[in-house]
S.K.: 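Here you go, one structure.
These figures come from a predicted structure and were not determined experimentally. Below, read A as the first sequence line, B as the second, and so on, with proteins coming before strands; counting in each chain starts at 1.
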There are 2 protein chains.
Amino acid sequence: MKLTIKDIAKLAGVSTATVSMVVNNKDERISASTREKVLDIVDKYNYIPNRIASSMVTKSTKTIGLVIPDITNPFFPEVARGVEDKANIDGYTVIFCNSDNVLSKEDAYIDMLQEKMVDGIIFTASSRRTNISASLQRVTVPVITVDRVIPNLSNQGQIVVDNEVGAYEAVCHMLAKGYKRIFHITGPLTSKTARDRYNGYLKALESNNQQPLPNHLYEGMYTTTWGHNAIEQLIEDGHDFDGVFCGNDMIAVGVLKGLQKHGLSVPTDIGVVGYDDVNIARLVTPELTTVSQPKYEMGYKAAEMLIKMINNEHNNQSEYTLSTELIIRNSTRT
Amino acid sequence: MKLTIKDIAKLAGVSTATVSMVVNNKDERISASTREKVLDIVDKYNYIPNRIASSMVTKSTKTIGLVIPDITNPFFPEVARGVEDKANIDGYTVIFCNSDNVLSKEDAYIDMLQEKMVDGIIFTASSRRTNISASLQRVTVPVITVDRVIPNLSNQGQIVVDNEVGAYEAVCHMLAKGYKRIFHITGPLTSKTARDRYNGYLKALESNNQQPLPNHLYEGMYTTTWGHNAIEQLIEDGHDFDGVFCGNDMIAVGVLKGLQKHGLSVPTDIGVVGYDDVNIARLVTPELTTVSQPKYEMGYKAAEMLIKMINNEHNNQSEYTLSTELIIRNSTRT
DNA sequence: CCTTCTTGTTTAAACGTTTAACTAAATTAT
DNA sequence: ATAATTTAGTTAAACGTTTAAACAAGAAGG
């Protein structure tokens with residue numbers, strides 16, 4: 001039988017107000033003896049306050065929603081962990097939702113979260129989301145978008161990463177190591193993220209006085225399979241190349257496999273650089289040189305910013321830019 | 001301004017009961033015209049029902065808690081995804097919690113989930129949890145333990161995997177391929193999981209008329225680092241070996257790296273087998289032969305079982321055993 | 001000794017739903 | 001025409017908290 005505050009009040013011979021005050025440490029005005037009496041009963045009967053009921057009156061659920069494409073994608077566990085850690089520190093709880101980058105699923109989740117009265121939402125939207133939807137329009141709580149921006153959404157904070165600089169540095173590194181004919185294999189250029197990386201690549205070539213090669217761009221998916229296919233294609237196309245800069249690590253791993261299959265040695269013949277620095281990057285052979293994104297920090301900062309917005313300690317339209325770090329391993333020459 | 005059911009009722013010129021009935025499709029007794037009138041207003045004003053308030057009266061939050069050690073461990077994202085998918089199908093929402101295998105964190109989360117009135121909990125407990133804690137004792141909702149069992153916990157369903165058979169088959173495969181001196185590198189034997197795998201290993205030797213080698217067991221952590229260290233140690237110890245069966249894939253990856261460093265070729269000189277079949281297994285070189293655990297299905301089944309228990313469609317003390325599958329890749333001879 | 005403060009506690013309304021019990025009107029049965 | 005039944009909707013209590021306002025009793029001030 002679950003005990004309520006009323007039961008405890010009766011057992012302790014006080015009012016529910018008193019019990020409420022002592023269990024919430026709002027007990028400046030409560031005498032020490034009463035406090036102890038109440039606490040004894042609470043302990044003895046294992047009283048568990050019903051936060052649903054408190055939420056009704058306080059209008060705060062201490063819950064935030066996290067909408068990501070897919071926790072199974074190695075990029076997201078760390079982000080999620082960052083979110084959860086910061087949330088937990090501040091007494092928040094995280095509801096997590098996998099949208100598979102499907103707009104209708106995203107919207108359904110947004111509605112669900114609103115119904116559950118979350119205090120705020122952290123959202124990595126599909127790159128196909130070109131404008132605000134009805135569900136998003138209904139959102140009244142603060143939203144932090146991470147790595148993606150939702151056009152026309154108010155009450156939005158943003159966590160972004162400087163992808164252009166990250167890509168720029170990576171490609172400069174390749175050029176510095178003597179790779180001269182570098183191709184770019186990437187995911188869909190519909191996302192700003194992908195375009196920024198591509199631009200960084202182009203700028204690096206430019207500032208090293210190189211013309212981009214003809215047909216230097218292979219656009220596909222963010223998967224190992226695509227990486228593998230793309231490099232096969234590239235070889236088949238008869239291109240003369242000695243480097244490939246990849247849109248993410250999964251692609252790079254596929255590229256590594258493809259090159260290996262064709263007996264091309266990395267890093268001696270060909271240099272390969274990935275993006276993200278997922279755990280796999282350190283485990284493949286050769287270990288992958290890659291641009292590390294601060295995944296955990298992205299999640300952590302997102303939660304931090306969101307909580308500040310929830311508490312009105314933060315202006316409503318703000319942006320936080322994190323930077324990347326080039327991790328040099330063994331898929332590029334030393 | 002957020003509208004409540006009262007506002008909608010007033011706008012539609014009906015009672016809140018009527019609105020409630022139509023938005024919940026309990027409207028057999030409502031006339032078509034009234035229903036339409038209400039629905040129009042609901043649409044027009046973007047009414048979002050407050051599920052917190054409903055929960056108060058229905059005593060069901062349609063929320064479940066998921067407590068795992070660490071989403072960052074590549075084993076768990078798939079489990080979590082399985083849970084979330086099934087939960088979502090049935091209209092449940094998932095609160096996720098990372099315990100880092102720390103008992104006090106586990107307990108704190110269990111308490112928190114109870115306070116938030118979750119309808120049930122899915123729990124992968126630390127292997128150090130040898131008995132039921134005060135927090136667990138307070139739990140009144142159903143709990144499904146996955147891959148771990150909590151002694152003396154009532155109202156518990158269990159999802160387990162037949163690890164002994166999985167290990168047995170793996171080691172039999174190695175023996176069949178001609179590996180004769182197989183060592184076992186694993187994580188802490190405090191968990192039943194680890195012990196079952198070890199027993200499977202021993203049984204396989206036995207049924208192939210082999211004595212276990214002296215000092216055949218290296219017990220450490222479930223990490224790449226430990227795998228690497230252990231194999232170094234093993235080599236240093238001067239053991240004559242031609243195979244290693246690993247407690248999980250992370251260890252196996254470390255072993256692969258160590259072997260490579262010492263110029264030992266896999267699978268020709270040495271056979272290596274992992275356990276779990278995390279995504280990395282397919283990406284290392286050589287691709288890892290491993291025992292696949294049905295991770296997604298474990299999560300999915302756990303959610304399914306939990307939801308059945310919540311709806312009292314399932315007996316309270318039940319167990320579901322899933323089986324493993326040996327995935328033969330290139331770290332063992334063909 | 002009366003008034004005013006202070007301290008400690010209680011009262012009761014409010015939060016936004018659901019739902020059992022009730023009612024009024026319309027229909028059917030007798 | 002009246003009673004019984006059906007249909008369509010309403011009323012009001014309940015869920016378990018928090019918290020502003022009220023209150024009672026004792027202490028201090030004049």
S.K.: Between B:Asp119 (side chain only) and B:Lys62 (backbone N and O only), is there a donor and an acceptor less than 3.5 Å apart?
M.R.: yes
S.K.: Taking for each residue the nucleotide of DNA chain D bearing the nearest heavy atom, is the 5' side occupied by B:Met21 or by B:Val57?
M.R.: B:Met21
S.K.: Okay, side chain of A:Arg148, backbone of A:Ala125: is any donor-acceptor separation there less than 3.5 Å?
M.R.: yes
S.K.: Mapping B:Lys26 and B:Ile52 onto DNA chain C by nearest heavy atom, which one lands closer to the 5' end?
M.R.: B:Ile52
S.K.: Relative to the 5' end of DNA chain D, which residue comes earlier, A:Ile48 or B:Ala32, by the nucleotide with the nearest heavy atom?
M.R.: B:Ala32
S.K.: Nearest-Å distance, CD1 (A:Ile30) to P (D:dT18)?
M.R.: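 Going from CD1 in A:Ile30 over to P in D:dT18 covers 13 Å.
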S.K.: Taking atom types as they are modelled, would you say the side chain of B:Arg51 forms a donor-acceptor pair with the base of C:dT17 within the 3.5 Å cutoff?
M.R.: no
S.K.: Please pick, from D:dG16, C:dT9, C:dT19, the nucleotide with the shortest atom-to-atom distance to any side-chain atom of A:Asn50.
M.R.: D:dG16
S.K.: Pick base, sugar-phosphate or nothing for B:Ser15, based on heavy-atom distances below 4.0 Å to the nucleic acid.
M.R.: base
S.K.: Taking atom C1' of C:dT17 as reference, at what distance in whole Å does atom CG of B:Leu3 sit?
M.R.: 15 Å
S.K.: Select base, sugar-phosphate, or nothing to describe what B:Ser31 touches, counting heavy atoms under 4.0 Å on all strands.
M.R.: sugar-phosphate
S.K.: Does B:Lys301 pair with B:Glu304 as a salt bridge, N-O distance under 4.0 Å?
M.R.: yes
S.K.: What nucleotide, of C:dT10, D:dT18, C:dT18, holds the atom closest to the side chain of A:Ser20?
M.R.: D:dT18
S.K.: Tell me which nucleotide among C:dA12, D:dG16, C:dT9 gets nearest to the side chain of A:Thr16.
M.R.: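 The listed nucleotide nearest to A:Thr16's side chain is C:dA12.
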S.K.: Taking the side chain of A:Ile5 as heavy atoms from C-beta outward, which of C:dT19, D:dT18, C:dG16 is closest to it?
M.R.: D:dT18
S.K.: With sugar-phosphate meaning primed atoms plus P, OP1 and OP2, does A:Ser54 contact a base, only sugar-phosphate, or nothing at under 4.0 Å between heavy atoms?
M.R.: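 Sugar-phosphate contact only - A:Ser54 comes under 4.0 Å of backbone atoms but never of a base.
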S.K.: Output the rounded distance in Å from NZ (B:Lys6) to P (C:dG16).
M.R.: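 Rounded to the whole Å, the gap is 7 Å.
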S.K.: Report yes or no: do B:Thr63 and B:Lys116 form a side-chain donor-acceptor pair below 3.5 Å?
M.R.: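 Per modelled atom types, B:Thr63 and B:Lys116 side chains form no pair under 3.5 Å.
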S.K.: Are any of A:Tyr47's side-chain N or O atoms less than 4.0 Å away from OP1 or OP2 of D:dT17?
M.R.: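 Checking D:dT17 against A:Tyr47, a side-chain N or O does come within under 4.0 Å of OP1 or OP2.
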S.K.: Between A:Lys59 and C:dG16, does any side-chain N or O lie under 4.0 Å from OP1 or OP2?
M.R.: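 Affirmative; the distance criterion is met.
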S.K.: Between C1' on D:dT17 and NZ on A:Lys2, what's the gap in Å once rounded to a whole number?
M.R.: 15 Å
S.K.: In whole Å, what is the span from the CD1 atom of A:Ile8 to the C1' atom of D:dT18?
M.R.: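 Going from CD1 in A:Ile8 over to C1' in D:dT18 covers 17 Å.
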S.K.: From CD of A:Glu36 over to C1' of C:dG8, roughly how many Å is that when rounded to an integer?
M.R.: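 Spelled out: CD on A:Glu36 to C1' on C:dG8 is 16 Å.
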S.K.: For B:Lys105, look at atom NZ and say whether over 12 heavy atoms of other residues, nucleotides or ligands are found less than 6.0 Å away.
M.R.: yes
S.K.: If you look at every strand shown and take non-hydrogen atoms under 4.0 Å, does B:Ser55 touch a base, only sugar-phosphate, or nothing?
M.R.: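 The residue B:Ser55 makes no contact with any strand.
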S.K.: Using atom CG of A:Asn24 as one end and atom C1' of D:dA20 as the other, report the distance to the nearest whole Å.
M.R.: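 Those two atoms, CG and C1', are 16 Å apart.
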S.K.: Side-chain N or O of A:Thr18 versus OP1/OP2 of C:dT9: is the shortest distance under 4.0 Å?
M.R.: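 So the side chain of A:Thr18 is outside the cut-off, no N or O lying under 4.0 Å from OP1 or OP2 of C:dT9.
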S.K.: Using whole Å, report how far CE of A:Met56 lies from P of C:dT17.
M.R.: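 Answer to the nearest Å: 7 Å.
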S.K.: With a non-hydrogen cut-off below 4.0 angstrom, is B:Thr4 in contact with a base, only sugar-phosphate, or nothing?
M.R.: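 Counting heavy atoms under 4.0 Å across all strands, the contact made by B:Thr4 is with sugar-phosphate only.
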S.K.: Is it the case that the side chain of A:Asn73 and the backbone of A:Phe75 share a donor-acceptor pair, with hydrogens and angles ignored and the cut-off at 3.5 Å?
M.R.: yes
